[in-house]
2 protein chains.
Amino acid sequence: MLAGWEDIRAEVLRRIRAHDWRPGDTIPTEEALALEFGVARATVNRALRELAEEGVLERRRKAGTRVALHPVRRATLDIPLTRLEIEGRGQAYSYRLLSEEMASPPPAVAARLGLPQGAQMLHLVCLHLADDRPAVLEDRWLNPETLKVQPDFHLVSANEWLLANVPYTTGDISLSAANATADEARLLDLPPGSALFIIDRTTWDRDHPVTCVRLAHVPGFRMRTTV
Amino acid sequence: MLAGWEDIRAEVLRRIRAHDWRPGDTIPTEEALALEFGVARATVNRALRELAEEGVLERRRKAGTRVALHPVRRATLDIPLTRLEIEGRGQAYSYRLLSEEMASPPPAVAARLGLPQGAQMLHLVCLHLADDRPAVLEDRWLNPETLKVQPDFHLVSANEWLLANVPYTTGDISLSAANATADEARLLDLPPGSALFIIDRTTWDRDHPVTCVRLAHVPGFRMRTTV
DNA sequence: GATGTGAATATGTCTGCACATAATAACCGA
DNA sequence: TCGGTTATTATGTGCAGACATATTCACATC
(Lines give C-alpha, C1' and ligand atoms only; values in the text may rest on other atoms or scores of the structure.)
Protein backbone atom coordinates (compact mmCIF):
# COMPACT_ATOMS: atom_id res chain seq x y z
CA MET A 1 0.00 0.00 0.00
CA LEU A 2 1.25 3.46 -0.82
CA ALA A 3 1.12 5.83 2.05
CA GLY A 4 3.80 8.52 2.35
CA TRP A 5 4.96 11.05 -0.18
CA GLU A 6 8.20 9.15 -0.62
CA ASP A 7 6.28 6.09 -1.73
CA ILE A 8 4.36 8.19 -4.22
CA ARG A 9 7.61 9.70 -5.45
CA ALA A 10 9.15 6.25 -5.85
CA GLU A 11 6.16 4.91 -7.73
CA VAL A 12 6.01 7.85 -10.10
CA LEU A 13 9.74 7.54 -10.70
CA ARG A 14 9.32 3.82 -11.34
CA ARG A 15 6.69 4.48 -13.98
CA ILE A 16 8.94 7.00 -15.66
CA ARG A 17 11.98 4.72 -15.62
CA ALA A 18 9.85 1.85 -16.89
CA HIS A 19 8.60 4.10 -19.69
CA ASP A 20 4.98 3.74 -18.63
CA TRP A 21 5.15 7.48 -18.89
CA ARG A 22 7.60 8.57 -21.55
CA PRO A 23 9.56 11.80 -21.91
CA GLY A 24 7.21 14.53 -23.03
CA ASP A 25 4.09 12.76 -21.81
CA THR A 26 1.63 14.57 -19.59
CA ILE A 27 0.98 12.52 -16.48
CA PRO A 28 -2.35 12.46 -14.61
CA THR A 29 -3.32 15.43 -12.50
CA GLU A 30 -2.57 15.60 -8.81
CA GLU A 31 -6.21 15.02 -8.09
CA ALA A 32 -6.35 11.87 -10.22
CA LEU A 33 -3.19 10.48 -8.66
CA ALA A 34 -4.44 11.32 -5.17
CA LEU A 35 -7.56 9.34 -5.94
CA GLU A 36 -5.61 6.43 -7.41
CA PHE A 37 -3.18 6.21 -4.51
CA GLY A 38 -5.77 6.96 -1.88
CA VAL A 39 -3.97 9.95 -0.38
CA ALA A 40 -4.58 13.67 -0.12
CA ARG A 41 -3.65 15.92 -2.98
CA ALA A 42 -1.06 17.68 -0.82
CA THR A 43 0.81 14.40 -0.52
CA VAL A 44 0.92 13.91 -4.27
CA ASN A 45 1.92 17.53 -4.63
CA ARG A 46 4.88 17.04 -2.34
CA ALA A 47 6.06 14.01 -4.28
CA LEU A 48 5.72 15.65 -7.69
CA ARG A 49 7.28 18.87 -6.50
CA GLU A 50 10.39 17.01 -5.34
CA LEU A 51 10.67 15.26 -8.69
CA ALA A 52 10.30 18.58 -10.47
CA GLU A 53 13.10 20.06 -8.35
CA GLU A 54 15.30 17.16 -9.35
CA GLY A 55 14.61 17.91 -12.99
CA VAL A 56 12.65 14.71 -13.68
CA LEU A 57 9.31 16.44 -14.16
CA GLU A 58 8.27 19.78 -15.58
CA ARG A 59 5.22 21.39 -14.09
CA ARG A 60 3.19 24.35 -15.28
CA ARG A 61 -0.02 25.68 -13.91
CA LYS A 62 -2.99 24.69 -15.94
CA ALA A 63 -0.80 22.88 -18.46
CA GLY A 64 -0.15 20.00 -16.07
CA THR A 65 2.85 17.87 -15.26
CA ARG A 66 5.04 16.39 -17.96
CA VAL A 67 7.98 14.03 -17.93
CA ALA A 68 11.04 16.15 -18.69
CA LEU A 69 11.94 15.93 -22.35
CA HIS A 70 15.57 16.83 -21.89
CA PRO A 71 16.48 15.31 -18.58
CA VAL A 72 18.94 17.84 -17.30
CA ARG A 73 20.41 15.92 -14.44
CA ARG A 74 20.45 18.19 -11.45
CA ALA A 75 23.18 17.17 -9.08
CA THR A 76 23.87 18.78 -5.75
CA LEU A 77 27.46 19.35 -4.83
CA ASP A 78 28.68 19.94 -1.32
CA ILE A 79 31.35 22.58 -1.22
CA PRO A 80 32.99 22.38 2.19
CA LEU A 81 35.67 24.50 3.74
CA THR A 82 39.08 23.42 2.52
CA ARG A 83 40.05 22.56 6.07
CA LEU A 84 37.07 20.27 6.55
CA GLU A 85 37.59 18.76 3.13
CA ILE A 86 41.12 17.75 4.07
CA GLU A 87 40.31 16.66 7.61
CA GLY A 88 37.42 14.65 6.21
CA ARG A 89 39.93 12.61 4.24
CA GLY A 90 41.72 11.85 7.48
CA GLN A 91 44.68 14.04 6.68
CA ALA A 92 46.32 16.63 8.87
CA TYR A 93 45.41 20.15 7.85
CA SER A 94 47.75 23.10 7.93
CA TYR A 95 47.77 26.50 6.40
CA ARG A 96 50.34 29.10 5.36
CA LEU A 97 49.79 32.72 4.48
CA LEU A 98 52.16 33.48 1.62
CA SER A 99 51.43 37.13 0.98
CA GLU A 100 49.12 39.90 2.10
CA GLU A 101 49.09 43.33 0.50
CA MET A 102 46.89 46.11 -0.76
CA ALA A 103 46.85 46.26 -4.52
CA SER A 104 44.56 46.92 -7.41
CA PRO A 105 43.04 43.73 -8.75
CA PRO A 106 43.31 42.54 -12.33
CA PRO A 107 40.49 43.84 -14.54
CA ALA A 108 38.71 40.48 -14.58
CA VAL A 109 38.40 40.46 -10.80
CA ALA A 110 37.28 44.07 -10.58
CA ALA A 111 34.69 43.41 -13.27
CA ARG A 112 33.35 40.32 -11.56
CA LEU A 113 32.87 42.25 -8.35
CA GLY A 114 31.52 45.33 -10.11
CA LEU A 115 34.24 47.60 -8.74
CA PRO A 116 35.99 50.43 -10.60
CA GLN A 117 39.28 49.66 -12.26
CA GLY A 118 41.69 51.37 -9.92
CA ALA A 119 40.09 50.32 -6.62
CA GLN A 120 42.46 49.08 -3.96
CA MET A 121 41.73 45.67 -2.49
CA LEU A 122 43.37 43.37 -0.02
CA HIS A 123 45.15 40.59 -1.85
CA LEU A 124 45.89 37.34 -0.02
CA VAL A 125 47.72 34.32 -1.30
CA CYS A 126 47.81 31.27 0.89
CA LEU A 127 48.44 27.59 0.78
CA HIS A 128 46.41 24.79 2.32
CA LEU A 129 48.37 21.65 3.10
CA ALA A 130 47.28 18.08 3.70
CA ASP A 131 49.78 16.02 5.70
CA ASP A 132 52.26 18.83 5.04
CA ARG A 133 51.95 18.50 1.29
CA PRO A 134 50.44 21.33 -0.77
CA ALA A 135 46.81 20.66 -1.61
CA VAL A 136 45.13 23.93 -2.51
CA LEU A 137 46.49 27.30 -3.53
CA GLU A 138 44.14 30.13 -2.62
CA ASP A 139 44.30 33.49 -4.36
CA ARG A 140 41.85 35.90 -2.81
CA TRP A 141 40.81 39.51 -3.31
CA LEU A 142 38.94 41.11 -0.44
CA ASN A 143 36.93 44.30 -0.46
CA PRO A 144 38.48 46.25 2.45
CA GLU A 145 35.16 48.00 3.10
CA THR A 146 33.72 44.79 4.46
CA LEU A 147 36.52 44.45 7.02
CA LYS A 148 35.60 46.50 10.05
CA VAL A 149 38.41 44.99 12.05
CA GLN A 150 41.30 43.45 10.21
CA PRO A 151 42.07 40.01 11.56
CA ASP A 152 45.45 38.35 11.48
CA PHE A 153 45.24 36.11 8.48
CA HIS A 154 48.36 34.29 9.61
CA LEU A 155 46.29 32.67 12.32
CA VAL A 156 42.90 32.09 10.77
CA SER A 157 42.16 31.41 7.12
CA ALA A 158 40.30 34.16 5.35
CA ASN A 159 37.52 31.81 4.41
CA GLU A 160 36.75 30.78 7.95
CA TRP A 161 37.06 34.30 9.27
CA LEU A 162 34.66 35.58 6.63
CA LEU A 163 32.13 32.86 7.29
CA ALA A 164 32.08 33.69 10.96
CA ASN A 165 32.15 37.46 10.65
CA VAL A 166 30.76 38.78 7.39
CA PRO A 167 27.20 38.22 6.32
CA TYR A 168 26.69 37.47 2.68
CA THR A 169 23.63 37.05 0.64
CA THR A 170 24.57 35.64 -2.72
CA GLY A 171 27.49 34.13 -4.48
CA ASP A 172 28.36 32.31 -7.62
CA ILE A 173 30.70 29.48 -8.23
CA SER A 174 32.39 28.29 -11.35
CA LEU A 175 34.34 25.09 -11.85
CA SER A 176 37.00 24.68 -14.50
CA ALA A 177 40.38 23.19 -15.29
CA ALA A 178 43.61 25.08 -15.95
CA ASN A 179 47.27 24.35 -16.48
CA ALA A 180 49.46 25.41 -13.58
CA THR A 181 51.52 28.51 -14.27
CA ALA A 182 55.21 28.44 -13.35
CA ASP A 183 54.44 30.19 -10.06
CA GLU A 184 51.57 27.92 -9.19
CA ALA A 185 53.60 24.84 -10.01
CA ARG A 186 56.42 26.03 -7.78
CA LEU A 187 54.13 26.84 -4.85
CA LEU A 188 52.20 23.59 -5.16
CA ASP A 189 55.36 21.58 -5.75
CA LEU A 190 54.14 20.22 -9.08
CA PRO A 191 55.55 19.99 -12.58
CA PRO A 192 54.71 23.13 -14.59
CA GLY A 193 51.56 22.74 -16.63
CA SER A 194 49.92 20.24 -14.27
CA ALA A 195 46.14 20.17 -14.64
CA LEU A 196 44.58 22.03 -11.72
CA PHE A 197 40.94 21.88 -10.71
CA ILE A 198 39.82 25.46 -10.25
CA ILE A 199 36.97 26.70 -8.12
CA ASP A 200 36.23 30.39 -8.59
CA ARG A 201 33.87 31.89 -6.10
CA THR A 202 32.53 35.42 -5.86
CA THR A 203 30.30 36.59 -3.03
CA TRP A 204 28.26 39.68 -2.29
CA ASP A 205 26.47 41.03 0.72
CA ARG A 206 23.39 42.47 -0.94
CA ASP A 207 24.94 44.79 -3.52
CA HIS A 208 28.29 45.08 -1.79
CA PRO A 209 31.05 42.91 -3.19
CA VAL A 210 32.79 40.91 -0.47
CA THR A 211 35.39 38.68 -1.96
CA CYS A 212 36.55 36.90 -5.04
CA VAL A 213 38.62 33.78 -4.61
CA ARG A 214 40.31 31.23 -6.83
CA LEU A 215 41.06 27.84 -5.31
CA ALA A 216 43.52 25.80 -7.34
CA HIS A 217 43.44 22.12 -6.40
CA VAL A 218 46.28 19.72 -7.09
CA PRO A 219 45.71 16.78 -9.45
CA GLY A 220 43.89 13.95 -7.75
CA PHE A 221 41.24 16.26 -6.34
CA ARG A 222 37.71 15.17 -7.22
CA MET A 223 34.25 16.42 -6.51
CA ARG A 224 31.70 13.66 -6.27
CA THR A 225 27.96 13.47 -6.23
CA THR A 226 25.13 11.04 -6.79
CA VAL A 227 21.99 11.39 -8.84
CA MET B 1 3.78 41.80 6.77
CA LEU B 2 5.14 38.31 6.29
CA ALA B 3 2.78 36.00 4.50
CA GLY B 4 4.23 33.28 2.28
CA TRP B 5 6.81 30.65 3.14
CA GLU B 6 9.33 32.43 0.94
CA ASP B 7 9.01 35.52 3.10
CA ILE B 8 9.59 33.42 6.20
CA ARG B 9 12.57 31.80 4.55
CA ALA B 10 14.00 35.18 3.61
CA GLU B 11 13.52 36.60 7.11
CA VAL B 12 15.14 33.61 8.79
CA LEU B 13 18.02 33.81 6.36
CA ARG B 14 18.34 37.52 7.05
CA ARG B 15 18.60 36.88 10.77
CA ILE B 16 21.28 34.28 10.20
CA ARG B 17 23.29 36.47 7.84
CA ALA B 18 22.96 39.39 10.25
CA HIS B 19 24.18 37.14 13.06
CA ASP B 20 21.02 37.61 15.09
CA TRP B 21 21.22 33.83 15.15
CA ARG B 22 24.80 32.64 15.05
CA PRO B 23 26.26 29.35 13.84
CA GLY B 24 25.50 26.67 16.37
CA ASP B 25 22.58 28.54 17.93
CA THR B 26 19.25 26.84 18.35
CA ILE B 27 16.54 28.97 16.81
CA PRO B 28 12.95 29.16 18.12
CA THR B 29 10.60 26.28 17.49
CA GLU B 30 8.30 26.14 14.50
CA GLU B 31 5.39 26.86 16.79
CA ALA B 32 7.03 29.95 18.26
CA LEU B 33 7.95 31.27 14.83
CA ALA B 34 4.48 30.54 13.50
CA LEU B 35 3.09 32.60 16.37
CA GLU B 36 5.58 35.41 15.83
CA PHE B 37 4.99 35.63 12.10
CA GLY B 38 1.26 35.02 12.33
CA VAL B 39 1.22 32.00 10.01
CA ALA B 40 0.48 28.30 10.33
CA ARG B 41 3.18 25.95 11.53
CA ALA B 42 3.15 24.19 8.17
CA THR B 43 4.28 27.42 6.53
CA VAL B 44 7.21 27.82 8.90
CA ASN B 45 7.99 24.15 8.40
CA ARG B 46 8.21 24.62 4.66
CA ALA B 47 10.56 27.56 5.02
CA LEU B 48 12.87 25.87 7.51
CA ARG B 49 12.86 22.64 5.56
CA GLU B 50 14.08 24.42 2.45
CA LEU B 51 16.86 26.10 4.40
CA ALA B 52 17.86 22.76 5.88
CA GLU B 53 18.03 21.25 2.39
CA GLU B 54 20.31 24.07 1.35
CA GLY B 55 22.60 23.28 4.25
CA VAL B 56 21.94 26.51 6.15
CA LEU B 57 20.09 24.86 9.02
CA GLU B 58 20.35 21.53 10.75
CA ARG B 59 17.17 20.02 12.10
CA ARG B 60 16.62 17.11 14.42
CA ARG B 61 13.46 15.92 16.03
CA LYS B 62 13.13 16.98 19.58
CA ALA B 63 16.55 18.65 19.52
CA GLY B 64 15.23 21.55 17.47
CA THR B 65 16.64 23.61 14.63
CA ARG B 66 20.18 24.95 14.71
CA VAL B 67 22.15 27.25 12.46
CA ALA B 68 24.64 25.05 10.66
CA LEU B 69 28.03 25.21 12.33
CA HIS B 70 30.02 24.29 9.27
CA PRO B 71 28.18 25.91 6.44
CA VAL B 72 28.72 23.37 3.71
CA ARG B 73 27.47 25.28 0.75
CA ARG B 74 25.21 23.01 -1.20
CA ALA B 75 25.19 24.04 -4.82
CA THR B 76 23.07 22.44 -7.49
CA LEU B 77 24.70 21.85 -10.83
CA ASP B 78 22.79 21.28 -14.02
CA ILE B 79 24.43 18.62 -16.12
CA PRO B 80 22.86 18.84 -19.56
CA LEU B 81 23.37 16.72 -22.62
CA THR B 82 26.51 17.77 -24.43
CA ARG B 83 24.43 18.66 -27.45
CA LEU B 84 22.16 20.96 -25.48
CA GLU B 85 25.13 22.45 -23.68
CA ILE B 86 26.70 23.44 -26.98
CA GLU B 87 23.50 24.57 -28.65
CA GLY B 88 22.71 26.58 -25.55
CA ARG B 89 25.86 28.60 -26.20
CA GLY B 90 24.56 29.39 -29.65
CA GLN B 91 27.05 27.15 -31.41
CA ALA B 92 26.40 24.56 -34.07
CA TYR B 93 26.55 21.03 -32.72
CA SER B 94 27.95 18.07 -34.54
CA TYR B 95 29.10 14.66 -33.57
CA ARG B 96 31.52 12.03 -34.85
CA LEU B 97 31.80 8.39 -33.85
CA LEU B 98 35.51 7.60 -33.79
CA SER B 99 35.46 3.96 -32.84
CA GLU B 100 33.08 1.20 -31.78
CA GLU B 101 34.24 -2.24 -30.73
CA MET B 102 33.77 -5.01 -28.23
CA ALA B 103 36.62 -5.19 -25.78
CA SER B 104 37.34 -5.85 -22.17
CA PRO B 105 37.43 -2.66 -20.16
CA PRO B 106 40.36 -1.51 -18.05
CA PRO B 107 40.21 -2.80 -14.47
CA ALA B 108 39.15 0.58 -13.09
CA VAL B 109 36.06 0.64 -15.28
CA ALA B 110 35.12 -2.97 -14.55
CA ALA B 111 35.52 -2.31 -10.85
CA ARG B 112 33.38 0.80 -10.92
CA LEU B 113 30.60 -1.10 -12.62
CA GLY B 114 31.05 -4.16 -10.46
CA LEU B 115 31.70 -6.45 -13.41
CA PRO B 116 34.20 -9.33 -13.54
CA GLN B 117 37.62 -8.59 -15.00
CA GLY B 118 37.34 -10.30 -18.34
CA ALA B 119 33.81 -9.20 -19.25
CA GLN B 120 33.32 -7.94 -22.77
CA MET B 121 31.77 -4.54 -23.16
CA LEU B 122 30.97 -2.21 -26.02
CA HIS B 123 33.55 0.54 -26.19
CA LEU B 124 32.66 3.78 -27.94
CA VAL B 125 34.86 6.77 -28.54
CA CYS B 126 33.28 9.84 -30.01
CA LEU B 127 33.82 13.50 -30.43
CA HIS B 128 31.36 16.34 -29.89
CA LEU B 129 32.07 19.47 -31.89
CA ALA B 130 30.96 23.05 -31.46
CA ASP B 131 31.05 25.10 -34.65
CA ASP B 132 33.13 22.28 -36.13
CA ARG B 133 35.81 22.57 -33.47
CA PRO B 134 36.39 19.74 -30.99
CA ALA B 135 34.68 20.43 -27.66
CA VAL B 136 34.25 17.17 -25.81
CA LEU B 137 35.87 13.78 -26.17
CA GLU B 138 33.63 10.97 -24.96
CA ASP B 139 35.02 7.60 -23.95
CA ARG B 140 32.21 5.23 -23.06
CA TRP B 141 31.89 1.61 -21.95
CA LEU B 142 28.47 0.06 -22.35
CA ASN B 143 27.16 -3.10 -20.80
CA PRO B 144 25.89 -5.04 -23.85
CA GLU B 145 23.24 -6.76 -21.75
CA THR B 146 21.32 -3.53 -21.51
CA LEU B 147 21.14 -3.19 -25.29
CA LYS B 148 18.20 -5.18 -26.53
CA VAL B 149 18.48 -3.68 -29.96
CA GLN B 150 21.77 -2.20 -31.00
CA PRO B 151 21.29 1.24 -32.46
CA ASP B 152 23.55 2.86 -35.01
CA PHE B 153 25.73 5.10 -32.93
CA HIS B 154 26.90 6.90 -36.05
CA LEU B 155 23.52 8.56 -36.22
CA VAL B 156 22.55 9.15 -32.63
CA SER B 157 24.87 9.80 -29.72
CA ALA B 158 24.99 7.04 -27.15
CA ASN B 159 23.96 9.40 -24.41
CA GLU B 160 20.77 10.47 -26.12
CA TRP B 161 19.90 6.96 -27.18
CA LEU B 162 20.37 5.66 -23.65
CA LEU B 163 18.27 8.41 -22.14
CA ALA B 164 15.42 7.63 -24.44
CA ASN B 165 15.66 3.84 -24.30
CA VAL B 166 17.24 2.53 -21.14
CA PRO B 167 15.76 3.12 -17.73
CA TYR B 168 18.22 3.84 -14.99
CA THR B 169 17.81 4.30 -11.32
CA THR B 170 21.03 5.64 -9.89
CA GLY B 171 24.29 7.11 -11.00
CA ASP B 172 27.27 8.87 -9.66
CA ILE B 173 29.29 11.70 -11.06
CA SER B 174 32.77 12.85 -10.36
CA LEU B 175 34.44 16.04 -11.53
CA SER B 176 38.18 16.42 -11.86
CA ALA B 177 40.98 17.88 -13.94
CA ALA B 178 43.55 15.96 -15.97
CA ASN B 179 46.31 16.65 -18.45
CA ALA B 180 45.49 15.58 -21.98
CA THR B 181 47.31 12.47 -23.11
CA ALA B 182 48.97 12.50 -26.51
CA ASP B 183 45.93 10.77 -28.05
CA GLU B 184 43.45 13.07 -26.41
CA ALA B 185 45.42 16.13 -27.44
CA ARG B 186 45.51 14.94 -31.04
CA LEU B 187 41.79 14.17 -31.17
CA LEU B 188 40.82 17.44 -29.50
CA ASP B 189 43.33 19.42 -31.56
CA LEU B 190 45.13 20.76 -28.48
CA PRO B 191 48.71 20.97 -27.30
CA PRO B 192 49.66 17.81 -25.35
CA GLY B 193 49.20 18.21 -21.63
CA SER B 194 46.36 20.75 -21.91
CA ALA B 195 44.22 20.85 -18.77
CA LEU B 196 40.97 19.01 -19.46
CA PHE B 197 37.85 19.20 -17.33
CA ILE B 198 36.75 15.63 -16.75
CA ILE B 199 33.26 14.43 -15.94
CA ASP B 200 33.10 10.74 -15.06
CA ARG B 201 29.67 9.27 -14.86
CA THR B 202 28.57 5.76 -13.97
CA THR B 203 24.94 4.63 -14.08
CA TRP B 204 23.03 1.58 -12.99
CA ASP B 205 19.53 0.25 -13.56
CA ARG B 206 18.81 -1.17 -10.13
CA ASP B 207 21.75 -3.53 -9.67
CA HIS B 208 22.59 -3.83 -13.33
CA PRO B 209 25.45 -1.69 -14.54
CA VAL B 210 24.52 0.31 -17.61
CA THR B 211 27.37 2.53 -18.66
CA CYS B 212 30.51 4.27 -17.56
CA VAL B 213 31.55 7.37 -19.43
CA ARG B 214 34.35 9.89 -19.32
CA LEU B 215 33.72 13.27 -20.87
CA ALA B 216 36.88 15.30 -21.45
CA HIS B 217 36.15 18.97 -22.02
CA VAL B 218 38.54 21.34 -23.74
CA PRO B 219 40.01 24.28 -21.79
CA GLY B 220 37.54 27.12 -21.51
CA PHE B 221 34.75 24.84 -20.38
CA ARG B 222 33.15 25.97 -17.14
CA MET B 223 30.36 24.74 -14.96
CA ARG B 224 28.57 27.52 -13.15
CA THR B 225 26.13 27.74 -10.32
CA THR B 226 24.76 30.19 -7.80
CA VAL B 227 24.35 29.87 -4.07
C1' DG C 1 28.49 6.13 39.04
C1' DA C 2 26.52 3.52 35.31
C1' DT C 3 22.50 1.97 33.07
C1' DG C 4 17.94 1.34 31.65
C1' DT C 5 13.07 3.27 31.37
C1' DG C 6 9.54 6.40 30.46
C1' DA C 7 7.66 11.06 29.84
C1' DA C 8 8.22 15.22 27.32
C1' DT C 9 8.87 17.63 23.12
C1' DA C 10 10.20 19.42 18.37
C1' DT C 11 10.05 18.02 14.04
C1' DG C 12 7.89 15.05 10.15
C1' DT C 13 3.99 14.15 7.77
C1' DC C 14 -0.95 13.55 6.44
C1' DT C 15 -5.72 15.14 5.80
C1' DG C 16 -9.36 18.08 4.01
C1' DC C 17 -10.47 22.23 2.80
C1' DA C 18 -9.92 26.88 0.70
C1' DC C 19 -8.35 30.38 -2.22
C1' DA C 20 -4.56 32.35 -5.37
C1' DT C 21 -2.28 32.24 -9.71
C1' DA C 22 -0.98 31.38 -14.23
C1' DA C 23 -1.78 29.60 -18.54
C1' DT C 24 -4.72 27.58 -21.72
C1' DA C 25 -9.06 27.25 -24.19
C1' DA C 26 -13.33 29.02 -25.61
C1' DC C 27 -15.80 32.63 -27.07
C1' DC C 28 -17.19 36.78 -29.33
C1' DG C 29 -17.11 40.90 -31.85
C1' DA C 30 -14.95 43.70 -35.46
C1' DT D 1 -9.30 35.86 -39.85
C1' DC D 2 -7.78 38.32 -36.35
C1' DG D 3 -7.58 40.19 -31.74
C1' DG D 4 -8.99 40.67 -27.30
C1' DT D 5 -11.90 39.18 -23.30
C1' DT D 6 -13.57 35.66 -20.27
C1' DA D 7 -14.04 31.12 -18.35
C1' DT D 8 -11.76 27.06 -17.11
C1' DT D 9 -8.39 24.32 -15.03
C1' DA D 10 -4.05 22.35 -12.89
C1' DT D 11 -0.79 23.69 -9.98
C1' DG D 12 0.86 26.70 -5.90
C1' DT D 13 0.13 27.83 -1.48
C1' DG D 14 -2.25 28.52 2.86
C1' DC D 15 -4.78 26.96 7.21
C1' DA D 16 -6.05 24.14 11.33
C1' DG D 17 -5.88 19.96 13.34
C1' DA D 18 -4.10 15.42 14.12
C1' DC D 19 -1.00 11.71 14.78
C1' DA D 20 3.81 9.59 14.04
C1' DT D 21 8.54 9.48 15.24
C1' DA D 22 12.84 10.37 16.93
C1' DT D 23 15.46 12.25 20.51
C1' DT D 24 16.42 14.13 24.73
C1' DC D 25 16.04 14.59 29.57
C1' DA D 26 14.78 13.28 34.00
C1' DC D 27 14.22 9.75 36.94
C1' DA D 28 14.57 5.27 38.92
C1' DT D 29 17.24 1.26 39.50
C1' DC D 30 21.28 -1.50 40.00
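Protein chains get the first letters and strands the later ones, always in sequence-line order, with residue 1 at the start of each.
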query = For A/R49 and D/dT11, what is the distance between atoms CZ and C1' respectively, to the nearest whole Å?
reply = 11 Å
request  = Please answer whether the main-chain N or O of B/T76 pairs with a side-chain N or O of A/T76 as donor and acceptor at a distance below 3.5 Å.
outcome  = no
task = Using only side-chain N and O atoms of A/T43, determine if any of them is under 4.0 Å from OP1 or OP2 of C/dT15.
result = yes
task = To the nearest Å, give me how far apart CD (B/E53) and C1' (C/dT11) are.
result = 14 Å
remark   = The residue among B/E87, B/R83, B/E85, B/H128 that forms side-chain hydrogen bond (donor to acceptor under 3.5 Å, both in side chains) with B/Y93 is B/H128
inquiry  = Can you measure A/L57 atom CG to D/dA10 atom P for me and round it to whole angstrom units?
reply    = 17 Å
ask   = Looking at D/dG12, does its base get a donor-acceptor pair with the side chain of A/R41 below 3.5 Å?
value = yes
key: Rounded distance in Å - CZ (B/R9) to C1' (D/dT13)   = 16 Å
key: Distance test, side-chain N/O of B/R46 to OP1/OP2 of D/dG14, below 4.0 Å   = no
message = Can you classify the ring geometry of B/F197 versus B/F221 as parallel (below 30°), tilted (30 to 60°) or perpendicular (above 60°)?
response = tilted
task = Using a strict cut-off of less than 4.0 Å between a Lys/Arg side-chain nitrogen and an Asp/Glu carboxylate oxygen, indicate whether A/D200 and B/R222 qualify as a salt bridge.
result = yes
key: Under 4.0 angstrom between A/T65 side-chain N/O and D/dA10 OP1 or OP2   = no
query = Going by number, which of residues 26-36 of chain B have a non-hydrogen atom under 4.0 Å from DNA chain C?
reply = B/T29, B/E30
Listed pairs, N/O of protein and of nucleotides 23-26 of chain D, under 3.5 Å:
residue	atom	partner	partner atom	Å
D/dT24	OP1	B/R60	NH2	2.1

task = For the pair A/E54 and A/R9, find out whether any cationic side-chain nitrogen is under 4.0 Å from an anionic carboxylate oxygen.
result = yes
query = Does B/N45 place a side-chain N or O at less than 4.0 Å from the phosphate oxygens OP1/OP2 of C/dT13?
reply = no
inquiry  = What is the separation between atom CD on A/E50 and atom P on C/dC14, rounded to the nearest whole Å?
reply    = 11 Å
message = Can a side-chain donor-acceptor contact be found between A/R59 and A/T65 if the only test is distance below 3.5 angstrom?
response = yes
ask   = Quick one: do the A/T202 and A/R112 side chains pair a donor with an acceptor below 3.5 Å?
value = yes
key: Residues B/R46, B/E30: salt bridge by 4.0 Å N-O rule   = no
request  = Can you tell me the distance, in whole Å, between the CD atom of B/E58 and the C1' atom of C/dT11?
outcome  = 15 Å
task = Might you work through the side chain to side chain donor-acceptor pair (under 3.5 Å) test for B/R224 and A/S174, ending with a clear yes or no?
result = CA-CA 4 Å; B/R224 283 172 225 272; A/S174 113; 5.1 Å; no
task = Return the value, rounded to whole Å, for the distance between atom CZ of B/R66 and atom P of C/dA10.
result = 15 Å
